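As the structure is a prediction and not an experimental result, all values here were calculated from the model. Below, all heavy atoms of this structure are taken into account, side chains as well, without hydrogens, waters or symmetry copies.
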Amino acid sequence: MSVPLAAPPAASADPGAVRRLLSRVGTMCLVELQKLRRDRAELLTRAIQPALWLLIFGETFTRLRAIPTGSTPYLDFLAPGILAQSALFIAIFYGIQIIWERDAGVLGKLLVTPTPRAALVTGKAFAAGVRALAQAVIVLVLAAVLGVGLTTNPLKLAGAALAVVLGSAFFCCLSIVIAGLVLSRERLMGIGQAITMPLFFGSNALYPVDLMPGWLRVLSHVNPLSYEVDALRGLLIGTADHVWVDFGVLACSAVIAIAVASALLGRLVR
């Protein structure tokens, strides 16, 4: 009488797989930090655009009082939006790095290792968040110098950092998805430039949702950048009361984007 073979243990029950996944994500973030340490000038050059938005656009419209923001000064209202914008501009072109790694043969070598594709994509996504956080510190310091009433609560600042990381992870994976579809650096740059400003102007970064026309209001509600801005406003200047909804949308968006980007990653090396 034959003895039935024992079923293999489920992959999800292997704690070693979870440790490997977290190790790969941590390694990618560490690599990104090392890049920032070698090229500190990049942070300063990337800070020029958000500084101009705060100094020129923010100060001017604060004096004009053209955009009603209730009891909140317009510069305070704008600062979290510019913070989210600076993170968006960093993350949305992360797919170019993936294409560069493909051309250099690095991506092909990574894909033949035992590392799951989801770990590679997640590592890239949160590395984009690390880079965006370094940029966010500069924007927050500038906003504080301009007199924006930012919170000093450590828990709220940590929550704001998490919102930046989740938003950057989503837009980084969106960039990887586009790279997996177009397979070309030039096409990716063109599409990235084409969608960046609609994402920005189609959010609540510059003006309240109530001022938008109906069709733009609908787009704002499906735009993850709006939820990132709303979470940042609620945590940094205390103007929102549904931060948990914002975090739920950002987390779900990031998970879905990571899954889609992981599925398309193999197309880049075929």
Side-chain angles (χ1 to χ4, degrees), residues 49-50 52-54 57-58 60-62 64-94 125 128-129 132 135-136 139 143 148 156 159-175 177-178 191-258 260-261:
Q49 188 175 49
L52 291 176
W53 275 100
L54 288 174
F57 191 89
T60 301
F61 275 76
T62 297
L64 288 176
R65 302 182 186 276
I67 300 178
T69 55
S71 59
T72 304
Y74 182 69
L75 190 60
D76 291 28
F77 178 87
L78 179 67
I82 299 305
L83 175 59
Q85 178 220 43
S86 65
L88 165 67
F89 286 1
I90 290 174
I92 200 65
F93 293 105
Y94 237 76
Q135 179 77 50
V139 176
V148 175
K156 291 186 176 181
L162 179 59
V164 170
V165 170
L166 288 175
S168 300
F170 169 78
F171 289 112
C172 170
C173 291
L174 176 61
S175 181
V177 168
I178 297 172
I191 294 176
Q193 291 172 350
I195 67 174
T196 298
M197 297 313 291
L199 284 169
F200 178 48
F201 286 109
S203 72
N204 57 354
L206 297 178
Y207 28 69
V209 176
D210 295 340
L211 299 181
M212 299 178 181
W215 62 270
L216 187 57
R217 196 175 304 177
V218 172
L219 293 179
S220 175
H221 286 314
V222 297
N223 184 354
L225 187 65
S226 293
Y227 295 93
E228 180 182 353
V229 173
D230 199 56
L232 290 174
R233 282 203 183 107
L235 292 166
L236 295 176
I237 62 174
T239 59
D241 56 359
H242 40 77
V243 174
W244 290 111
V245 175
D246 300 324
F247 274 107
V249 172
L250 288 173
C252 290
S253 300
V255 169
I256 293 172
I258 288 172
V260 176

Could you pull out the closest heavy-atom pair between [X] and [Y], with the gap in Å?
X    : Y    : result
E228 : G167 : OE1-CA, 3.5 Å
I90  : Q135 : CD1-CB, 3.6 Å
F77  : R233 : O-NE, 2.8 Å
V243 : G234 : CG2-CA, 4.2 Å
A125 : C172 : CA-SG, 3.7 Å

Sequence neighbours excluded, which residues qualify as side chain to side chain donor-acceptor pair (under 3.5 Å) partners of S220? S226
Do the rings of F247 and W244 sit parallel, tilted or perpendicular, given the 30° and 60° boundaries? tilted
Tell me whether the NZ or CZ atom of R65 lies within the 45° cone about the ring axis of Y74 and under 6.0 Å from its centre. no
Rounded to the nearest 0.5 Å, what separates atom CG in L232 from atom CD1 in I82? 11.5 Å
So how far is it from L206 CG to I67 CD1, rounded to the nearest 0.5 Å? 7.0 Å
Working for side chain to side chain contact (heavy atoms under 4.5 Å, CB included), residues L219 and M212: CA-CA 10 Å; L219 293 179; M212 299 178 181; over 6 Å; no
Any chance you could lay out the side chain to side chain contact (heavy atoms under 4.5 Å, CB included) test for F170 and L88, step after step, and finish with the verdict? CA-CA 9 Å; F170 169 78; L88 165 67; over 6 Å; no
Side chain to side chain contact (heavy atoms under 4.5 Å, CB included) between V148 and L236, worked out: CA-CA 10 Å; V148 175; L236 295 176; over 6 Å; no
